[in-house]
Amino acid sequence: MKALITGIAPDSIAAEVGIESGDYLLSINGHRIYDVLDYQFYAQEDYMILEIEKARGEVWSIEIEKDYDEDLGLAFDELVFDRIKSCRNRCVFCFVDQLPRKMRKTLYVKDDDYRLSFLTGNFITLSNLNEKDWQKITGMRLSPLYISIHCLRPELRAEIMGNAKAAHIKEDLQRLQEAGIEVHTQVVLCPGINDGEVLDETIAGLADLFPMVRSIGIVPVGLTGHRDKLTNLRAFTSTEASDLVKMISVRQREFRKRFKTGFIYLADEFFILSGLNIPPARYYDDYCQVENGIGLARILLDEFAALEKLLPDRISPREVYLVTGVSALRVLQDIVNRLDLIKGLKAELVPVNNRFFGGNVTVTGLLTGRDIIAALGDKKGMAVVLPGVLLKHSSSMLLDDISIEDIERETGARISITDGSARSLVEAVLGQTL
Ligand code: SF4
């Protein structure tokens, strides 16, 4: 385990002492560097001995004196230099267990790494932590963390997660509270398993820990058509989603009086499934759960509303097709209807059924190239807009390793990619900047 240095800031201390991109950082003051957290923590000191392995293999020991907190100027591509910590659970709803076979190996990785929770907002379960991990979390004050709760009943949580250690969630939360660490939490809601009374208890228990528990995000279980030999689960019905939306709105109003914040937020999918309107921005407060798919629809609608005054009355004749997952259809339809009023423009949505994953998977981010090609059909010379969320790690590849170029070749379309913002969507549809 060693940290590959991939960049050196110009005129930095690192540049001055001869450290180069391609060298490895081994230790700082004798502490091995397992991740960027270690680097940031130990590199604050005003005096240090850096152990650097040069690209040619020789090891340098470099003595540095600097101001406390002054940056050394090292950059890394990776956040974690040893192995990413994987989960020890067998959750009944685990999406990885429901993936079709023969996909890219990286898609089957079940990460559950507290470092990525702090650094990038990944949800973790706390059930794989050893004492050394706890010491690092509390010693470095890694706050806030993002925790998957699912429920607070010990036996039920252990059963849902297929791991006896998952039963200790209340003790784990208490330990975080004593260390002054705040958490955002999520519940993956499965009808008949952790909804109803169980959900009431979960909400009440987490609310008792406010303000250490900053928020609860509730997302629906995602079920693909590949659930061979897995626990029998079902998706929410539209009526159940509607009841949940109403119940959570009542709880939110109570929390607003009690905590001056909504505290609990439902995933966009529940509103879409229920047929109820996407709530206004105030429902989401500071959008603290947006990475969890909570509030994205409202952000898009509000961004679009702000751009409306910039829309042209007419453009040169143009026919455009917008690819979307089925769940975003209703939200996008209002936007496309408004754009369609522009003279010269013919804009049309192309909802794509996710045959690759099957089941109730309707989100845009999980569409595959083959399903998109089938839905588009022949679009020779036509403009097609694809959301960038379909692409993995800034590449041009989709989940099934079909590329944008493959889609263009198969359909004859001219494809533009959007970045998820309303401005990017509108500009791609119009074929011009606003
Ligand atoms: S924590 Fe559960 S849902 Fe997440 S990867 Fe592990 S088994 Fe799957």
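Remember, it's 1-based here, ligands and their atoms both numbered in the order they're listed.
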Quiz item: Do the rings of Y39 and F76 sit parallel, tilted or perpendicular, given the 30° and 60° boundaries?
Solution: perpendicular

Quiz item: Where is the nearest protein heavy atom to atom 1 (S) of ligand 1: which residue, which atom, and how far?
Solution: N89 ND2, 3.4 Å

Quiz prompt | D302 and R298 ion-paired at < 4.0 Å | solution = yes

Practice problem: Under 4.0 Å from a heavy atom of K110: give me the atoms of ligand 1 that qualify, with their elements. | Solution: 5 (S)

Quiz item: Measuring to atom 8 (Fe) of ligand 1, does C94 have an N/O/S atom at a distance below 2.8 Å?
Solution: yes

Exercise. Just jot down the ligand 1 atoms closer than 4.0 angstrom to any heavy atom of T125, in number order.
Key: 1 (S)

Exercise. Give a yes or no on whether atom 3 (S) of ligand 1 lies under 4.0 Å from any heavy atom of the protein.
Key: yes

Quiz item: Quick one: nearest non-hydrogen protein atom to atom 7 (S) of ligand 1, plus distance?
Solution: C91 N, 3.5 Å

Self-check item: S127 and N89: side chain donor to acceptor below 3.5 Å
Solution: yes

Quiz prompt | Salt-bridge criterion met for K136 and D38 (N-O under 4.0 Å) | solution = yes

Exercise. List the closest protein heavy-atom neighbour of atom 6 (Fe) of ligand 1: residue, atom name, distance to the nearest 0.1 Å.
Key: C87 SG, 2.3 Å

Exercise. Report yes or no: do N122 and S117 form a side-chain donor-acceptor pair below 3.5 Å?
Key: no

